[in-house]
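Since this is a predicted model, take the numbers as computed values, not measurements.
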Amino acid sequence: ARALAILTDWEHYPPEERLKAGDFLGAAPGRDPRPGVGLRTDGLPDIDWVEIPECDANGRREFIYQKNERRTEPTFWIARYPITYEQFQVFVDARDGFQNKAWREGLASFPDLPQQYFKVWNRPRERVYWVHAVAFGRWLTARAQQTPDLLPQALRKGKGGRITLPTEWQWAKAARGWDDRRYPWGAEYRTGYANVDETEKKDGPHTLQQTSAVGMYPQGASPFDVLDLSGNVWEYCLNEYSKPQNFQESGQARRAVLGGSWYSSAGGASVAARLDVVGSFDGFGGFRVVCAASP
């Protein structure tokens with residue numbers, strides 16, 4: 001209980017101390033009791049869905065994507081945190097999980113899964129390939145057909161839902177809201193608000209040089225209270241990097257990753273920063289999932 005209190009008490013404990021509390025909670029599966037971090041009682045990933053509505057309270061639908069490009073996006077739900085090591089491991093271990101060739105259908109390749117670099121159960125799952133993240137979403141969607149309460153409440157009856165990686169537009173809206181903000185919390189970087197390397201460009205005194213327990217920076221929440229959108233791990237999106245309008249799951253095009261990581265400077269963790277990647281992105285990259293009504 002003490003570790004749980006320290007983990008998110010950013011006003012009284014620096015990131016270096018909160019990291020220790022997170023590691024204590026993540027030392028064994030099931031030890032971190034926060035919703036959306038571990039598993040449900042039935043052993044499936046416990047996703048804490050956050051609704052991202054189509055319009056705000058005033059009926060505004062447009063939001064800023066990149067370089068003042070205005071877009072609209074139908075209502076969807078996004079995981080409050082990146083998928084954790086514990087949540088992904090269930091997919092790896094399941095009889096119908098990682099080894100099931102059904103989840104690989106149509107994908108250009110499906111390499112072996114590298115070992116987790118930071119083996120703490122409540123930290124993000126890293127060293128996954130983009131195709132592994134796609135397969136996880138397919139598996140969880142199939143599980144949701146049998147267990148509808150895996151889905152957001154609004155999608156459990158009749159409409160169904162598909163769990164996937166987010167498009168860049170969905171990710172950006174969840175991070176920015178309807179404002180043209182540079183970071184999920186506002187226009188400027190604030191020291192101690194994200195797991196980044198603040199020392200590289202003298203943005204602040206903190207650099208953990210490793211991932212951290214998800215949700216350790218509550219002060220860095222987006223307008224919808226989505227966590228870890230800046231820092232910790234770069235996050236895969238469905239989109240092709242050079243042609244963002246393409247987000248099919250086939251092909252070998254390089255995909256976009258957003259949000260920066262523990263290895264990035266503060267500028268690299270801005271909402272507008274994007275990279276392209278092929279491969280596992282080593283210990284710097286992970287993913288989170290979204291859910292929307294099936295077509």
### Query
Distance-only, no hydrogens or angles: does the His206 side chain make a donor-acceptor pair with backbone N or O of Tyr193 under 3.5 Å?
no
### Query
Are Lys20 and Glu17 close enough, and set up right, to give a salt bridge (charged side-chain N to carboxylate O under 4.0 Å, His left out), and what steps lead you there?
CA-CA 5 Å; Lys20 296 176 184 178; Glu17 292 299 313; 3.4 Å; yes
### Query
Would Cys237 and Val257 count as a side chain to side chain contact (heavy atoms under 4.5 Å, CB included) if you check the C-alpha gap in whole Å, the side-chain angles of each, and the deciding distance to 0.1 Å?
CA-CA 6 Å; Cys237 290; Val257 291; over 6 Å; no
### Task
Look up atom OG in Ser261 and atom CD in Gln210, then write down how far apart they are to the nearest 0.5 Å.
12.5 Å
### Task
May I ask you to decide whether Asp9 forms a salt bridge with Arg18, counting only side-chain N to carboxylate O separations under 4.0 Å?
no
### Message
Please determine whether the number of non-hydrogen atoms from other residues, nucleotides or ligands lying under 6.0 Å from atom CD of Glu200 exceeds 12.
### Response
yes
### Task
Would you tell me whether Asn100 and Trp139 have side-chain atoms, one donor and one acceptor, within less than 3.5 Å of each other?
no
### Task
Hey, could you give me the CD/CG distance between Gln209 and Asp197, rounded to the nearest 0.5 Å?
5.0 Å
### Query
Hey, which of Lys173, Arg71, Arg176, Glu168 is the one that makes side chain to side chain donor-acceptor pair (under 3.5 Å) with Tyr65?
Glu168
### Query
Under 3.5 Å, is there a donor-acceptor pair between the side chain of Arg127 and the main chain of Gly283?
no
#### Entry: Trp10 vs Pro15 side-chain heavy atoms within contact, under 4.5 Å
no
#### Entry: Worked verdict on Gln153 versus Arg156 for side-chain hydrogen bond (donor to acceptor under 3.5 Å, both in side chains)
CA-CA 6 Å; Gln153 179 72 39; Arg156 293 175 187 174; 2.9 Å; yes
### Summary
Contacts of Tyr183 meeting ring pair (Phe, Tyr, Trp, His ring centres under 6.0 Å) (sequence neighbours excluded), chain-then-number -> Trp185, Tyr189
### Query
Considering only heavy atoms from C-beta outward, does the side chain of Trp171 approach that of Glu235 to under 4.5 Å?
yes
### Query
With side chains defined as the heavy atoms from C-beta onward, is the minimum distance between Phe88 and Leu113 less than 4.5 Å?
yes
### Query
Considering residues, nucleotides and ligands other than Phe110, do more than 12 of their heavy atoms fall under 6.0 Å from its CZ?
yes
### Task
Kindly check if the number of other-residue, nucleotide or ligand heavy atoms within 6.0 Å of CD (Glu105) is above 12?
no
### Message
Whether the side chain of Arg274 engages the backbone of Tyr241 through a donor-acceptor N/O pair (distance < 3.5 Å, no angle test) should be reported.
### Response
yes
### Task
Kindly indicate whether the side chain of Phe76, heavy atoms from C-beta on, has any atom under 4.5 Å from the side chain of Glu51.
no
### Message
Are the side chains of Arg288 and Leu229 in contact, using a 4.5 Å heavy-atom criterion?
### Response
yes
#### Entry: Separation of Arg182 CZ from Asp180 CG (nearest 0.5 Å)
11.5 Å
### Message
If you count heavy atoms of other groups shown closer than 6.0 angstrom to CD of Glu188, is the number above 12?
### Response
no
### Summary
Closest non-hydrogen contact found for Gln87 with Leu39 is CA-CD2, 4.0 Å
### Query
Which of these, Val90, Thr84, Ile83, sits in a side chain to side chain contact (heavy atoms under 4.5 Å, CB included) with Glu86?
Thr84
### Task
Quick one: do Glu240 and Gln248 satisfy side chain to side chain contact (heavy atoms under 4.5 Å, CB included)? Show the steps, please.
CA-CA 8 Å; Glu240 294 182 13; Gln248 78 292 337; 2.8 Å; yes
### Query
Hey, are Glu11 and Gln219 close enough side-chain-wise for a donor-acceptor pair under 3.5 Å?
no
### Query
Can you list the steps and then say if Asp48 with Arg34 is a salt bridge (charged side-chain N to carboxylate O under 4.0 Å, His left out)?
CA-CA 10 Å; Asp48 187 10; Arg34 292 175 295 156; over 6 Å; no
### Task
Mind telling me whether Tyr263 and Phe284 have parallel, tilted or perpendicular rings, with 30° and 60° as the class edges?
parallel
### Message
Please find the pair of heavy atoms, one from Thr147 and one from Arg40, that lie closest to each other, and give the distance.
### Response
CG2-NH2, 3.2 Å
### Message
Before you tell me yes or no, could you show the steps for Asp56 and Arg61 under salt bridge (charged side-chain N to carboxylate O under 4.0 Å, His left out), namely the whole-Å CA-CA distance, both residues' side-chain angles and the distance that decides it to 0.1 Å?
### Response
CA-CA 7 Å; Asp56 67 6; Arg61 299 176 65 242; over 6 Å; no
### From Leu140 atom CG to Trp103 atom CH2, the distance as rounded to the nearest 0.5 Å
10.0 Å
### Task
Before giving the answer on side-chain hydrogen bond (donor to acceptor under 3.5 Å, both in side chains), spell out for Thr141 and Arg162 the whole-Å C-alpha distance, their side-chain angles and the decisive distance to 0.1 Å.
CA-CA 6 Å; Thr141 298; Arg162 183 172 177 232; 5.7 Å; no
### Ala213 to Leu7 - nearest heavy-atom pair and separation
CB-CD1, 4.2 Å
### Query
Any chance the side chains of Thr207 and Glu198 put a donor and an acceptor closer than 3.5 Å?
no
### Message
Surrounding OH of Tyr117 (heavy atoms of other residues, nucleotides or ligands, distance under 6.0 Å), is the total greater than 12?
### Response
no
### Query
Does Asp112 CG have over 12 foreign heavy atoms under 6.0 Å away?
no
### Non-hydrogen atoms of Ile47 and Ala79 that approach each other most closely
CG2-CB, 3.8 Å
### Rounded distance [0.5 Å steps], CG in Leu151 versus NZ in Lys157
13.5 Å
### Message
On the six-membered ring of Phe91, is Arg125 placed so that its NZ or CZ lies under 6.0 angstrom from the centre and within 45° of the ring axis?
### Response
no
### Query
If you round to the nearest 0.5 Å, how far is OG of Ser109 from CZ of Arg104?
10.5 Å
### Message
For Asn232 versus Pro124, what's the shortest heavy-atom pair and its separation?
### Response
ND2-CG, 3.6 Å
### Message
Out of the candidates Asn195, Asp228, Val233, only one should pair with Val214 under the side chain to side chain contact (heavy atoms under 4.5 Å, CB included) rule; please name it.
### Response
Asp228
## Note on the structure
The remaining residues in the hydrophobic cluster of Tyr85, counting side-chain heavy-atom contacts under 4.5 Å among Ile, Leu, Val, Met, Phe, Trp and Tyr, are Trp121
#### Entry: Qualifying residue for ring-ring contact (aromatic ring centres under 6.0 Å, His included) with Phe287, from Phe136, Tyr129, Trp130, Tyr236
Phe136
### Message
Counting C-beta onward and ignoring hydrogens, is there a side-chain heavy-atom pair between Leu4 and Asp32 closer than 4.5 Å?
### Response
yes
### Query
Side chains of Arg123 and Gln116: donor-acceptor distance under 3.5 Å anywhere?
no
### Summary
Nearest heavy-atom approach of Asp42 to Leu44 is OD1-N, 3.1 Å
### Task
Would you please indicate if the ring centroids of Phe118 and Trp262 are separated by under 6.0 Å?
yes
### Message
In the structure I gave you, are the side-chain heavy atoms of Glu54 and Thr72 within less than 4.5 Å of one another anywhere?
### Response
no
### Query
Hey, are the side chains of Lys201 and Val196 touching, using non-hydrogen atoms and a 4.5 Å cut-off?
no
### Criterion side chain to side chain contact (heavy atoms under 4.5 Å, CB included) on Phe63 and Arg70, from CA distance to verdict
CA-CA 5 Å; Phe63 66 96; Arg70 296 186 177 274; over 6 Å; no
